[in-house]
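Below you'll find the structure I mean.
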Amino acid sequence: MKKSPIVVLLALSGCATILTNEQAEAEIQKFNGRPVSTLIYRMGNQFQESPNGRHYTWQYTNVVGYVRGFCTLEAVVDEAKIIRSISMDGNRGGCYGVARRVGELD
């Protein structure tokens, strides 16, 4: 069976919407200086908190076809629970999912 060129074009156009690592990193950096509660609202309450209450970590995984996406998001907060640094580590598929979850901030 021969594939239609239209289907191929649609498949290729879908790939163009994936954020680069730099774009995903820029999305999460918007949380610096904001209360950690804003990040919890976006990412959900399935996080690990360090014993001293200063580090919050989310693990995100997804599977598309045979590809497993994974990403770890970590936020470091001060005594007032304001985010002072935030980082993510993982592959493009997983961190893209994290960037989509946190979305655009005003």
Side-chain angles (χ1 to χ4, degrees):
M1 180 177 189
K2 190 173 181 179
K3 291 188 178 185
S4 166
I6 295 172
V7 173
V8 173
L9 289 175
L10 289 175
L12 291 175
S13 69
C15 293
T17 62
I18 294 177
L19 297 175
T20 65
N21 290 342
E22 292 80 20
Q23 290 168 320
E25 184 70 28
E27 282 298 313
I28 67 159
Q29 291 305 317
K30 295 176 184 177
F31 283 92
N32 274 319
R34 294 181 181 259
V36 73
S37 59
T38 60
L39 189 57
I40 292 170
Y41 176 77
R42 299 291 177 107
M43 289 298 297
N45 62 0
Q46 300 299 314
F47 58 85
Q48 296 173 336
E49 185 177 354
S50 67
N52 67 4
R54 301 287 293 269
H55 291 82
Y56 290 78
T57 306
W58 287 263
Q59 300 285 327
Y60 180 80
T61 60
N62 66 347
V63 178
V64 178
Y66 295 104
V67 179
R68 180 174 177 261
F70 62 91
C71 191
T72 300
L73 178 67
E74 182 179 60
V76 178
V77 300
D78 62 14
E79 300 83 18
K81 301 292 185 187
I82 302 298
I83 297 171
R84 294 300 168 206
S85 71
I86 188 166
S87 62
M88 66 182 177
D89 184 38
N91 64 15
R92 187 173 175 180
C95 291
Y96 169 71
V98 168
R100 286 194 52 193
R101 264 184 135 166
V102 297
E104 296 281 333
L105 290 176
D106 297 331

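Count residues from 1 along the sequence.
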* Backbone N/O of K30 and side chain of R34: donor-acceptor pair under 3.5 Å -> yes
* Structure fact -> Exactly one of N62, D89, T61, V98 clears side chain to side chain contact (heavy atoms under 4.5 Å, CB included) with F70, and that residue is T61
* To do: Show your working on side chain to side chain contact (heavy atoms under 4.5 Å, CB included) between R101 and Y60 and close with a plain yes or no.
  => CA-CA 10 Å; R101 264 184 135 166; Y60 180 80; 3.3 Å; yes
* Give, for atom CD of E27 and atom OH of Y96, the distance between the pair rounded to the nearest 0.5 Å. => 11.0 Å
* Asked: Got a second to check how far N32's CG is from I83's CD1, nearest 0.5 Å?
  ->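 If we round to the nearest 0.5 Å, N32:CG and I83:CD1 are 7.0 Å apart.
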* Structure fact -> Smallest heavy-atom separation, E74 atom then H55 atom, equals OE2-CD2, 3.7 Å
* Of all heavy-atom pairs between G33 and R84, which one has the smallest distance, and what is that distance? ->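 Of all heavy-atom pairs spanning G33 and R84, the closest is CA-NH1, 4.1 Å.
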* Close side-chain approach of K81 to P35, heavy-atom, < 4.5 Å ->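 In short, these two side chains do not touch, never coming nearer than 4.5 Å.
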* Calculate, to the nearest 0.5 Å, the distance between atoms OG and CD belonging to S87 and Q29 respectively. => 8.0 Å
* **Shortest non-hydrogen separation from M43 to W58 and the atoms involved** => CB-NE1, 3.4 Å
* To do: Using the side chain to side chain contact (heavy atoms under 4.5 Å, CB included) rule, take L39 and F47 through it: C-alpha gap first, then chi angles, then the decisive distance, then the call.
  => CA-CA 11 Å; L39 189 57; F47 58 85; over 6 Å; no
* What are the two closest heavy atoms between I86 and E25, and how far apart are they? -> O-OE2, 4.2 Å
* Structure fact -> Output for pair (D78 CG, R54 CZ), nearest 0.5 Å, gives 6.5 Å
